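Just so we're clear, the structure is a prediction, and the values are computed from it rather than from any experiment.
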Amino acid sequence: MADIIKKQGDESIMQDMPVREHFIEEMCDTLMYLNDVMLCYGISPEELEKVYLKKHEKNMKRW
């Protein structure tokens, strides 16, 4: 995913449909991997939400 951003740039991802589709496909691969990790370790959506929101709140105070 980062490779597409570096090589193609934001504008291509936004306007070039084949590049955009490839970028979205890479996002799907990432999401599938993270979901598989959650399943392997028995992490519930509620657990993830709780930690995610806590981390988001912490990050928002960094600036």
Side-chain angles (χ1 to χ4, degrees):
M1 197 165 54
D3 196 42
I4 297 170
I5 295 169
K6 290 177 188 175
K7 289 182 179 177
Q8 302 294 333
D10 294 336
E11 191 170 322
S12 290
I13 293 169
M14 296 299 292
Q15 297 179 11
D16 185 332
M17 290 316 291
V19 172
R20 185 175 180 83
E21 186 173 331
H22 182 59
F23 180 73
I24 294 169
E25 182 180 1
E26 292 295 317
M27 287 178 56
C28 290
D29 287 344
T30 302
L31 290 171
M32 287 176 176
Y33 171 76
L34 292 173
N35 282 326
D36 287 346
V37 171
M38 287 177 64
L39 289 171
C40 286
Y41 291 101
I43 299 169
S44 71
E46 294 79 16
E47 264 185 301
L48 182 69
E49 178 186 29
K50 180 182 174 183
V51 175
Y52 181 93
L53 291 173
K54 184 177 176 181
K55 177 71 174 175
H56 174 73
E57 195 174 305
K58 179 181 176 183
N59 286 345
M60 294 305 291
K61 292 177 183 173
R62 292 173 60 188
W63 295 293

Would you be so kind as to tabulate the donor-acceptor pairs closer than 3.5 Å made by side chains of residues 1-25, with sequence neighbours excluded?
{"from": "Asp3", "atom 1": "OD2", "to": "Lys7", "atom 2": "NZ", "distance (Å)": "3.4"}
{"from": "Ser12", "atom 1": "OG", "to": "Gln8", "atom 2": "O", "distance (Å)": "3.0"}
{"from": "Arg20", "atom 1": "NH1", "to": "Ile13", "atom 2": "O", "distance (Å)": "3.1"}

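Take Tyr41 and apply the side chain to side chain contact (heavy atoms under 4.5 Å, CB included) test, not counting sequence neighbours, and it matches Val37, Ile43. Remark: Lys61 pairs with Glu57 by the salt bridge (Lys or Arg N to Asp or Glu O under 4.0 Å) rule, at least two apart or across chains.
In the hydrophobic clustering, where aliphatic and aromatic side chains (Ile, Leu, Val, Met, Phe, Trp, Tyr) are joined below 4.5 Å either directly or transitively, Leu31 stands alone. Hydrophobic cluster membership of Met32, counting Ile, Leu, Val, Met, Phe, Trp and Tyr whose side-chain heavy atoms lie under 4.5 Å apart directly or via other members: none, as it forms a cluster of its own.
Under a hydrophobic-cluster definition in which Ile, Leu, Val, Met, Phe, Trp and Tyr are linked whenever side-chain heavy atoms come within less than 4.5 Å, directly or via other members, Leu48 and Leu34 are assigned to the same cluster.
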Quiz item: Does the side chain to side chain contact (heavy atoms under 4.5 Å, CB included) test come out yes or no for Asn35 and Met38, once each step is laid out?
Solution: CA-CA 5 Å; Asn35 282 326; Met38 287 177 64; 4.1 Å; yes
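Counting only residues at least two apart or in different chains, salt bridge (Lys or Arg N to Asp or Glu O under 4.0 Å) contacts with residues 26-49 are absent.
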